[in-house]
Amino acid sequence: MKMTARAIAPCLWFDTEAEAAANHYVSIFEDSKITQIGRYGEEGRDIHGKPPGSVMIVEFEIQGQKFLALNGGPQFKFSEAVSFQVHCDTQAEVDYFWAKLSAGGSEGHCGWLKDKFGLSWQVVPTVVPEMLKDGNPASANRVMKEIFQMRKIDIATLQKAHAA
């Protein structure tokens, strides 16, 4: 079958926070923007229950990846079953994204967090997969032992464990 789809774009279901969430995300990531806002009309109000003129969808991009935020109502909530990974080259990047994305949310273990809208993120240093795939099971085990004890990932600690 020939594919006609050009890309896959996540659709994020919010109760009423789509515009606030999109603005929050584009303020954190460089090369990001809101591309369109669509509003509810009178049509379908008996189904969606939203006032005409209120935000229905917000299309936005983060570093070229398209997203859609939808104000669909309170029926669905985010869970850790889906998360977005932010790959970081430096500890400064890890610290920045951890602070920005976890503000008002909650910190999890092993580099996972929930933002203030309940969306799950993983802030992942790019050196972690390299350390785990270097062919040395003992060093990989030491790295994983450290990761399991962390909330925000500390690259220097992992490098020490890897080198031990």
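Remember, it's a predicted structure, so these values are computed and weren't measured experimentally.
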Is atom NZ of Lys100 surrounded by more than 12 heavy atoms (other residues, nucleotides or ligands) closer than 6.0 Å?
no
Output the distance between atom CD (Glu61) and atom CD1 (Ile34), rounded to the nearest 0.5 Å.
10.5 Å
Test side-chain contact (heavy atoms from CB on, under 4.5 Å) applied to Leu158 and His162, step by step
CA-CA 6 Å; Leu158 297 184; His162 186 259; over 6 Å; no
For Ala18, side chain to side chain contact (heavy atoms under 4.5 Å, CB included) partners two or more places apart:
Phe14, Val58, Ala69, Asn71
What residue among Phe78, Trp112, Phe97, Tyr25 forms ring-ring contact (aromatic ring centres under 6.0 Å, His included) with Trp121?
Tyr25
Does the side-chain contact (heavy atoms from CB on, under 4.5 Å) test come out yes or no for Met150 and Thr157, once each step is laid out?
CA-CA 10 Å; Met150 295 178 180; Thr157 301; 3.6 Å; yes
Less than 6.0 angstrom separating the ring centers of Phe148 and His109, yes or no?
no
Assess whether a salt bridge exists between Lys114 and Glu107, defined as any Lys/Arg side-chain N lying under 4.0 Å from an Asp/Glu carboxylate O.
no
Test log, rule side-chain contact (heavy atoms from CB on, under 4.5 Å), inputs Lys145 and Val143
CA-CA 5 Å; Lys145 181 179 178 182; Val143 169; over 6 Å; no
Quick check for you: to the nearest 0.5 Å, what is the distance between Ser54 atom OG and Arg45 atom CZ?
8.5 Å
Could you give the distance from NE2 (His24) to CG (Leu101), rounded to the nearest 0.5 Å?
6.0 Å
Test side-chain contact (heavy atoms from CB on, under 4.5 Å) applied to Ile28 and Tyr96, step by step
CA-CA 9 Å; Ile28 293 172; Tyr96 170 82; 4.1 Å; yes
If every non-hydrogen atom of Asn136 is compared with every non-hydrogen atom of Ser139, which pair is closest and at what distance?
O-OG, 3.0 Å
Would you kindly confirm whether Leu113 and Val124 end up in one hydrophobic cluster when ILVMFWY residues are joined by side chain heavy atoms under 4.5 Å apart?
no
Tell me if the CD atom of Glu30 is crowded by more than 12 foreign heavy atoms within 6.0 Å.
no
For the hydrophobic clusters of this structure (ILVMFWY residues joined by side-chain heavy atoms under 4.5 Å, transitively), does one cluster hold both Ile57 and Ile62?
no
Considering all heavy atoms, the nearest Pro125-Val123 contact:
CD-O, 3.7 Å
Please say yes or no: joined through hydrophobic side-chain contacts below 4.5 Å, possibly via intermediate residues, are Phe84 and Phe29 part of one cluster?
yes
For residues Ser83 and Gln122, is any side-chain donor paired with an opposing acceptor at under 3.5 Å?
yes
Which value, rounded to the nearest 0.5 Å, describes the distance between Phe117 atom CZ and Leu12 atom CG?
11.0 Å
Locate the shortest heavy-atom distance separating Gln63 from Ser32; write the atom from each residue and the value.
N-OG, 3.6 Å
Would Leu68 and Ile8 show up in the same hydrophobic cluster when neighbours are defined by side-chain heavy atoms closer than 4.5 Å?
no
For the backbone of Pro52 and the side chain of Arg39, can you confirm whether one donor and one acceptor N or O come within less than 3.5 Å of each other?
no
Measure the spacing between CG of Asp115 and OG of Ser106 and express it to the nearest 0.5 Å.
9.0 Å
Same apolar cluster: Ile37 and Tyr40, side chain cutoff 4.5 Å:
no
Closest contact, heavy atoms only, Asp15 versus Glu17
N-OE1, 3.2 Å
Ignoring hydrogens and geometry, is there a side-chain-to-backbone donor-acceptor pair from Asn23 to Glu19 under 3.5 Å?
yes
Would you compute the distance between atom CD1 of Ile153 and atom CD of Gln91 and round it to the nearest 0.5 angstrom?
9.0 Å
Distance-only, no hydrogens or angles: does the Ser102 side chain make a donor-acceptor pair with backbone N or O of Gly105 under 3.5 Å?
no
Between Arg142 and Ala161, the two heavy atoms sitting closest are NE-O, 2.7 Å
Phe60 and Ala22 have their tightest heavy-atom pair at CD2-CB, 3.7 Å
Is the backbone of Glu59 close enough, under 3.5 Å, to the side chain of Thr35 for a donor and an acceptor to pair up by distance?
yes
